[in-house]
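For reference, the structure is listed below as structure tokens.
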Amino acid sequence: MRMVDLIHKKRSGEVLSEQEITYIVSGYTRGDIPDYQMSALLMAIFFNGMTSEEISALTLAMAGSGEMIDLSEIAGIKVDKHSTGGVGDKISLIVGPIVASLGIPVAKMSGRGLGHTGGTVDKLESIPGFQIELTKEAFIHAVNTNKIAIVGQSGNLAPADKKMYALRDVTATVDSIPLIASSIMSKKIASGADAIVLDVKIGSGAFMKTVDDARALARTMVDIGTQLKRNTIAMITDMEQPLGREIGNANEIRESIEVLRGTGDKELTEVAISVAAYMSLLGKVFESFEEAQVAVRDIVLNGKALETFKRFIASQGGDPNVVDQPELLPTAAYQFEVLAEKDGFINQINAEQIGIAAMLLGAGRAKKEDQIDYAVGLTLNRKIGDEVQIGESICTIHANQQDVKAVESMIQGAYRIENSKPAPIQLIYDVIV
Ligand code: URA
């Protein structure tokens, strides 16, 4: 086989075979196929797309390019959850303990944040003592004991995807549905998931800007799941504004605790309950979504989910007292209020700009090597649809620096206040099965 012929084939709109795709992915991972040929192929895929068989073959080849985690020593259906990324998205922190409390094993590998979106692993590390690196034996033991463990992604998970993603980033080929879908699903397959709930975000803070694009991505990922015998459900949820009210690592742990206590932000709670219910459905614990939803609400109200969260923190070396005493979490030295510049209703909160504002404070990384400040972040005191008077606080900045002018103007730019009340935001647009 010659790479140049395969590029030509894809460029002509023909279909690559499973063998050809395996040859490309393994050759590229080994370094036998150079970046310039891979770039040309990625661009041909960008323009000509792939069939569902090609996408599944690409997913399997990328998953198999490195370590394939074997979770067979954990009894039960291992249901994973993945979000395409957003601002203030702390759903994994909330649904993990809920689903574990219902008896479904959560053996999760999560990523770090980059750019304007946060990562679950960074948020957990804001808990004093919390260890995100466990040996495979300790990871399996923790899940078998507490039904939940969350660790950082193994360095050798889907290395082909890592290399291809870096290349896509600099060749304008990131936003291709076959490439995004296979990239996400390859990591889920390699990390040992039996079933997967995908949370595809749409809006100002997300990859996908329209419902149609999000639906197409969701459909493609569900089809991959079906072909590879992993039961998969994709929800399409809102990221027009940040999720919940807190942004920043320790801030998001605090807000997750509130939701697990049953006193959290209503919209965040609603999305979390739906995600947890779909996970429980795939874990085959319930017959219907409605039954699962009732059980999920009950497990929060009776305090069991919060108890599981405490056990989970302690089992990974963290201080479980943060649950009852959130002041034990890192706290920023200064607080500044961002005030409404006029009367009216909040019509827009650009999630991406809010994410960048939090990153400027030190809550996120502009580059992979950047250090995170766990204590800093933002509290959104007003959200879309809320009425506000001039001079009232719309957002609180938690900072470890005294000059926050750039952050403040970014937040002012993200909020749009108008005279009319906007139509209510839809939280869940669709569910693809
Ligand atoms: N997230 C991924 O893991 N891969 C993509 O290609 C896009 C988002």
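One-based numbering, in listed order, for ligands and for the atoms of each.
Across every non-hydrogen atom of Met109 and Ile69, the tightest pair is CE-CD1, 3.7 Å.
For residues 277-294, the set of pairs meeting the side-chain hydrogen bond (donor to acceptor under 3.5 Å, both in side chains) definition, not counting sequence neighbours, is empty.
Listed by chain and residue number, Asp370 satisfy the side chain to side chain donor-acceptor pair (under 3.5 Å) test with Lys367 (two or more places apart in sequence, or in another chain).
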What's the verdict on side chain to side chain donor-acceptor pair (under 3.5 Å) for Ser101 and Thr308, showing C-alpha distance, side-chain angles and the deciding distance?
CA-CA 6 Å; Ser101 304; Thr308 303; 2.7 Å; yes

For residues 426-433, dump all side-chain donor-acceptor pairs below 3.5 Å to protein atoms at least two apart in sequence or in another chain.
| from | atom 1 | to | atom 2 | distance (Å) |
| --- | --- | --- | --- | --- |
| Gln426 | NE2 | Ile428 | O | 3.3 |
| Asp430 | OD2 | Arg215 | NE | 2.7 |
| Asp430 | OD2 | Arg215 | NH2 | 3.4 |

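For the atom pair CD1 of Ile397 and CD of Glu408, the computed distance is 5.5 Å after rounding to the nearest 0.5 Å.
Each of Tyr165, Arg168, Ile180, Ser183, Ile184, Lys187, Phe207 has a non-hydrogen atom positioned under 4.0 Å from some atom of ligand 1.
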